[in-house]
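These notes concern the structure reproduced below.
First the proteins, then the strands, lettered A, B, ... as listed; each starts at 1. Worth saying up front: this structure is predicted, and the values here are computed from it rather than measured.
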Amino acid sequence: MTAPEGAALPPALPAAPSAASPTASPPLARSPAHGGLLRSASVRFGVIYAVLFGVSAISLAAFLWWSTAGLLERQVEDLITADSAGLAERYDEGGPQALLDTIAERVAGNVDDDSLYLLVDPSYHRLAGNLEYWPHNLTLDEEWRDLPIERAGIASLARVHYFELAGGLHILVGRDIQNRSSMRELLADGMLWAAAIALALGSIGAWAVRGLFRSTIADVSATAAAVSSGDLSRRVRVAGSEDEFDLLAISINDMLDRIGRLMEGVKQVSNAIAHDLRTPIARARTRLEDVARHAGSEAELRFGIDRAMGDLDGVVAVFQALLRIAEIEAGARRSAFVPLDLAPLLMDLAELYEAVADERGMTLETDIPESLPAFGDREMIQQAVANLLDNALKFSPKGGRIRLRAISPGGQGPRETGAETRGDVVQIEVIDEGPGIPEADRAHATDRFFRGEQARSTPGSGLGLSLVLAVGQLHGGSVALLDAAPGLHVVLSLGGAPDQGATAL
Amino acid sequence: MRVLVVEDDKDVAGFVVKGLREAGHVVEHTGNGRDGLFMAASENFDAIVLDRMLPGGVDGLKLLETLRAQNNHTPVLFLSAMAQVDDRVRGLKAGGDDYMTKPFAFAELLARVEALTRRGKTDAPTTRLVVADLEMDLLSRSVRRAAQKIDLQPREFRLLEFLMRHAGQVVTRTMLLEGVWDYHFDPQTNVIDVHVSRLRQKVDKPFPTPLIHTIRNAGYMLRVEEP
């Protein structure tokens, strides 16, 4: 419909001049002005609209024309044919006299004065009818024709049918179609006007479509431009009409939120590497230098190196945990989600840690239903719950009680929703009787490398709860830290919105 | 035992080769994938230690896939810096028997390589495991030592089974965690030690000679004490 892009149009200019301008203002949304109007999608949409509008207007006009002018013409011919047949019949039945009478009768009875008759003898002398003479330019090889006539001094136009009767008589039967042809002209005039109006309306419509399109896209485009130039706080305006453009805007905003969170994560990790990893690395280095300079015996040297290796293993473990959290937050693991039963998974973990609790003089109590259907990543959930149990064991006093509970508020047993079984929301709770986390620290407890006052003296990296939170969020859930008075009550919620990223359009 | 090490990092390769030789193995080494594939396909090895990222146009995955396509079932241990869960899954899917991430402790690598070669030999399903006077019947799921019945919890049974299947080899804590519990993360607490110590209470404590030994800086080993 339009010319192939790029073929007829000059290539785009290398760079918009605004990009090189020294002003510090943020770059505006890129304009597709270079390289021809048709390169602009908004203009293209406008043109498509105009062409569609024009084609439908023309089709409508053609149909009207055919059904009015054409119909009238066919009606006239039908009338003449019927008239002719009637006259021929009269002639066959009653001979020339009957024909003459009939013609005279019909001429007299024709109120509208539009019927034309002319009967001539073989030498073309008028016998009857309301035409003066046999038209001299009438050739005998055509039965139908449009004939200019003159009646009572007024020029007119007639549609006539000519035929020959037995006995050498010629007859013309016709209708004055002057009125009809002037109506045709009127119709044609009307059509022309309509076409002009259609053209005008089409152009206005095209312009409006282009404007609408451009204004809707402009905000998205401007936001994307602002974001790509570094302003991550910009969002696309949502009109609130919940139409397709709103859904697009919401999707884009969700995407920008996610990018923002990832950027924040990257920033946190680089800060962490700058501060929190430097310390253990420095410690390992110091130890190595110390034994290199001061070790008096091989045993001392070995001991020092072993301890430095231990420090480095700690650094590696922190790296591993950081990367694991980043991996989870990137959401790549969501493709590995499967329907699974959390009950045996939790029982296995409880069994693993129960022995440790026992050894440390603590008790680990479980309250887990028979079956806990969920949809998620087995390994990630295992690791998150293991982290919670690790923490509980680490901070609980001797003789303390640790509780591992799980509930599925949506009900028990698997639930069929649509084609596949999706798990319900599942809450996994770990409650200890340790010192807990002070109210003021709770908001930061899931930050990477955050370590509360109480935790400073215990080994650990400050990444455990960050991972738990990441796992919770990966599963469309959350982590809540509550006061068990005394102790910490962690609620890890999984499920509910397994795929928060997908918005159906 | 003949081991092929395909690793392009000179330091890591030297360290691995030296360590394996010290442990009494015959080691061949190459630094690129093409030669590695050629050697693995044309010679007989008991195990291959394989890096993922290799120069020479053939990376570790490709090498392994080609080898497996030729119906070569030499046990392969991946040793890679690619540590994501997906990387491990991909490595195992390509036909790898084990996957270790760098950095690593040599004791762990040695234990896993030796466990692999054992696995290759005992393919036939066994119904009975015997180490010294300790007997395990895998069908009736019962354990006896010196004709005395030992009652074990299901998990203790699997732990002992794993140790008995690798009798005479070092088994690391990570191997136990993966092999017995199927966990692929490192708990911060000494969960494995506690479980092994519980097992010892039942298997070793009532008897004059211990069978489960702690190997310092490495893990555990089930074996008959040398007189």
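Of all the listed residues (L323(A), V316(A), L352(A)), the one sharing the greatest number of non-hydrogen pairs under 4.5 Å with chain B is L352(A). Contacts with chain A were tallied for T101(B), D86(B), D186(B); D86(B) has the most, counting heavy-atom pairs under 4.5 Å. With chain B as the partner, the residue from D377(A), D390(A), V356(A), N387(A) showing the most heavy-atom pairs under 4.5 Å is D390(A). For the options Q320(A), E359(A), E351(A), heavy-atom pairs under 4.5 Å to chain B are most numerous at E351(A).
Ion pairing between R155(B) and E354(A) fails under the 4.0 Å rule for side-chain N and carboxylate O. A salt bridge does not link D151(B) to K202(B): none of the charged nitrogens lies less than 4.0 Å from a carboxylate oxygen. Comment: E429(A) does not engage R403(A) in a salt bridge, judged by the lack of any side-chain N to carboxylate O separation of less than 4.0 angstrom.
For M380(A), the part sitting under 4.5 Å from any heavy atom of chain B is the side chain, from C-beta outward, and nothing else. Neither the backbone nor the side chain of L312(A) comes within contact range of chain B; no heavy atoms are under 4.5 Å apart. D182(B) touches chain A through its backbone: at least one of N, CA, C or O sits under 4.5 Å from a heavy atom, while the side chain does not. Heavy atoms of R378(A) lying under 4.5 Å from chain B are absent altogether. For L467(A), no part lies under 4.5 angstrom from a heavy atom of chain B.
Between the side chain of D59(B) and the main chain of M53(B), no donor-acceptor pair closer than 3.5 Å is present.
For K62(B), the NZ atom counts as loosely surrounded, since its 6.0 Å shell holds 12 or fewer non-hydrogen atoms of other residues, nucleotides or ligands.
Below 30°, between 30° and 60°, or above 60°: for H475(A) and F337(A) the angle between ring planes is below 30°, a parallel geometry.
Taking D358(A) as the reference, R198(B) meet the side chain to side chain donor-acceptor pair (under 3.5 Å) condition, with sequence neighbours excluded.
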